[in-house]
S.K.: 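Below: one structure in structure tokens.
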Amino acid sequence: MDNSFLHSKKLLLVDDEPELLKMVSAILADEGFQRLVIAANMKAGIAAAKAEKPDLAILDVILSDGDGFALMEQILAFALTFGGIVFREYGSASPANMLEAVAADLSASGISEERSQELSSP
């Protein structure tokens with residue numbers, strides 16, 4: 001499946017483990033994602049989502065100041081259009097498999113080029 005259309009999307013990445021956040025953001029950047037918004041906890045994730053209005057988000061399930069599910073609810077409360085949210089524990093995934101896992105999660109969440117264009121249309 002071709003997920004190259006995702007590279008143009010603004011992606012919010014929230015994780016409270018600095019090394020994992022650095023690794024995941026580097027892998028995504030290396031794979032062509034140029035519009036990454038990074039947050040290290042729930043509070044910063046909410047602020048980043050409000051300020052940056054991301055198209056997609058990858059959220060850690062367990063955060064130091066909350067959880068990804070509560071963060072998702074808060075983002076959806078003010079987001080008029082939002083492509084999708086992926087919850088993933090990437091700690092056990094190797095860097096080589098991480099991008100495949102992200103693409104599979106986005107696909108399973110219903111994120112497709114057609115759905116993305118539908119959400120972007122006025």
Side-chain angles (χ1 to χ4, degrees):
M1 176 195 300
D2 179 23
N3 289 308
S4 61
F5 75 96
L6 294 173
H7 294 166
S8 66
K9 301 298 179 189
K10 189 180 292 186
L11 180 71
L12 172 63
L13 178 59
V14 182
D15 200 306
D16 59 351
E17 294 183 40
E19 288 302 314
L20 189 58
L21 190 61
K22 183 178 176 181
M23 181 181 71
V24 173
S25 60
I27 290 168
L28 291 169
D30 287 347
E31 290 296 327
F33 290 87
Q34 298 177 7
R35 301 176 66 202
L36 295 175
V37 178
I38 309 299
N41 57 43
M42 185 170 164
K43 183 178 179 180
I46 293 166
K50 286 181 178 179
E52 297 291 332
K53 299 177 180 44
D55 301 301
L56 306 165
I58 299 174
L59 309 175
D60 189 6
V61 175
I62 301 171
L63 297 164
S64 60
D65 60 345
D67 64 78
F69 297 104
L71 176 54
M72 174 195 67
E73 288 177 10
Q74 292 202 29
I75 291 172
L76 292 176
F78 61 81
L80 296 177
T81 61
F82 197 73
I85 298 177
V86 172
F87 293 101
R88 185 78 177 182
E89 196 56 51
Y90 290 105
S92 61
S94 69
N97 295 332
M98 194 170 299
L99 190 65
E100 282 182 32
V102 171
D105 287 346
L106 290 170
S107 179
S109 298
I111 304 303
S112 65
E113 187 166 11
E114 295 79 22
R115 177 71 176 136
S116 177
Q117 289 172 350
E118 176 186 313
L119 290 169
S120 300
S121 298

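A quick note: this is a predicted structure, and the numbers were derived from the prediction, not measured.
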S.K.: Distance from Asn41 atom CG to Leu63 atom CG, nearest 0.5 Å?
M.R.: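 One finds 7.5 Å between CG of Asn41 and CG of Leu63.
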S.K.: Within this structure, what is the CG-CE distance for the pair Asp60 and Met42, rounded to the nearest 0.5 Å?
M.R.: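 Rounded to the nearest 0.5 Å, the CG-CE separation comes to 12.5 Å.
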S.K.: Taking C-beta and beyond as the side chain, do Lys10 and Glu52 meet within less than 4.5 Å on heavy atoms?
M.R.: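 SC-SC contact between Lys10 and Glu52 confirmed.
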S.K.: Evaluate side chain to side chain contact (heavy atoms under 4.5 Å, CB included) for Leu71 paired with Val14, printing each intermediate quantity in order.
M.R.: CA-CA 10 Å; Leu71 176 54; Val14 182; 3.9 Å; yes
S.K.: If you round to the nearest 0.5 Å, how far is NZ of Lys9 from CD of Gln34?
M.R.: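 Atom-to-atom, Gln34:CD and Lys9:NZ are 14.0 Å apart.
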S.K.: Shortest non-hydrogen contact from Ala48 to Pro54?
M.R.: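 That closest heavy-atom pairing would be O-CD, 4.5 Å.
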S.K.: What's the separation between atom CD1 in Ile46 and atom CG in Asp65, rounded to the nearest 0.5 Å?
M.R.: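 So the CD1 of Ile46 and the CG of Asp65 are separated by 8.0 Å.
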S.K.: How about Arg35 and Leu11: do any of their side-chain heavy atoms sit closer than 4.5 Å?
M.R.: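 No, side chains not in contact.
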S.K.: Would you mind reporting whether Ile58 and Leu12 have side-chain heavy atoms less than 4.5 Å apart?
M.R.: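 SC-SC contact between Leu12 and Ile58 ruled out.
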S.K.: If I take atom CE from residue Met72 and atom CG from residue Asp67, how far apart are they, to the nearest 0.5 angstrom?
M.R.: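 Spacing of CE (Met72) from CG (Asp67) equals 9.0 Å.
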S.K.: Flag the pair Leu36 / Leu28 as yes when at least one side-chain heavy-atom distance between them is below 4.5 Å, and no otherwise.
M.R.: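 When only atoms from C-beta onward are counted, Leu28 and Leu36 do touch, with a gap below 4.5 Å.
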S.K.: Measure the CG-CD1 distance between Leu59 and Ile62 for me, rounded to the nearest 0.5 Å.
M.R.: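 The distance works out to 13.0 Å.
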S.K.: Apply the test side chain to side chain contact (heavy atoms under 4.5 Å, CB included) to residues Leu21 and Ile38: give CA-CA distance (whole Å), side-chain angles for both, the deciding distance (0.1 Å), then the verdict.
M.R.: CA-CA 8 Å; Leu21 190 61; Ile38 309 299; 3.3 Å; yes
